[in-house]
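Ligands are counted one by one from 1 in listed order, and the atoms in each one are counted from 1 as well.
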Amino acid sequence: MRIAELLEDRASADIVSCPPGVALREAVRLLADHRIGALPVIEGDAVVGIVSERDVLYCLAAHGAAALDKSVGEVMTAPVVSVDCATSCTEALALMTARRFRHLPVVEGGTMRGFLSIGDLVKVRLTEVSHEAEAMRDYIRLA
Ligand code: AMP
């Protein structure tokens, strides 16, 4: 399945994001309120970084409670690795596995179209594998 198909019933307006200028404590509040693990950091239309719970953890370990007063721009990871709508879910999953992160913005023409977690892609892959197994069982039964 292509990422375009996965995003068909999702509006980009629903993506929770934050600008680089806000304090880390605001980003932590968004992560907690929405029960999510990462936020794309947006400036204009562009994704300029990503701040995940890992970044919060490392920053807290390094700076203690003062970490929460840092700006998201200081703590985020940049540049961001992204994919486009034509990428397959399997390719995106392989990219996440190789780079050891769990989030991927989907960018088209400089604008973010989606924001995927590894859970979204594992779900697609499990459905595909189960359909492949079913097709294989049918093939064996009819052979
Ligand atoms: P995660 O596993 O997604 O929580 O993130 C682990 C680390 O990788 C954190 O430092 C994130 O900021 C960073 N990270 C997550 N996703 C991406 C991405 N698509 N591009 C670049 N860095 C990322």
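- For atom 11 (C) of ligand 1, the choice among V41, D55, V56 with the nearest heavy atom turns out to be D55.
- Closest heavy-atom contact between L7 and C85: CD1-SG, 4.4 Å.
- Interatomic distance, OG of S82 versus CG of L116, reported as 11.0 Å (0.5 Å rounding).
- How far CD1 of I50 is from CD1 of I42: 9.5 Å, rounded to the nearest 0.5 Å.
- For ligand 1, the polar-atom distance check against R102 finds a nitrogen or oxygen pair separated by under 3.5 Å.
- The hydrophobic cluster containing L95 does not contain V107, counting ILVMFWY residues as joined when their side-chain heavy atoms lie under 4.5 angstrom apart, directly or transitively.
- Proximity of P105 to ligand 1, defined as any heavy-atom pair under 4.0 Å, is confined to the side chain (atoms from C-beta onward).
- Note that CE of M96 is 6.5 Å distant from OG of S117, once rounded to the nearest 0.5 Å.
- Under a 4.0 angstrom heavy-atom cut-off, S117 registers as lying outside contact with ligand 1.
- At a 4.0 Å heavy-atom cut-off, ligand 1 touches I50 through backbone and side chain alike.
- Among M76, H103, R54, the residue whose heavy atom lies nearest to atom 3 (O) of ligand 1 is H103.
- Here the heavy atom of the protein found nearest to atom 8 (O) of ligand 1 is F101 CB, 3.6 Å.
- A side-chain donor-acceptor contact under 3.5 Å links R2 to the backbone of A86.
- A salt bridge does not link R29 to E26: none of the charged nitrogens lies less than 4.0 Å from a carboxylate oxygen.
- Heavy-atom proximity to atom 13 (C) of ligand 1, evaluated over L39, T77, L116, is greatest for T77.
- Within ligand 1, the atoms closer than 4.0 Å to a non-hydrogen atom of V81 are 18 (C), 19 (N), 20 (N), 21 (C), numbered from 1 in the order shown.
- Each of the following atoms of ligand 1 lies closer than 4.0 Å to a heavy atom of S52: 1 (P), 4 (O), 5 (O), 9 (C), 11 (C).
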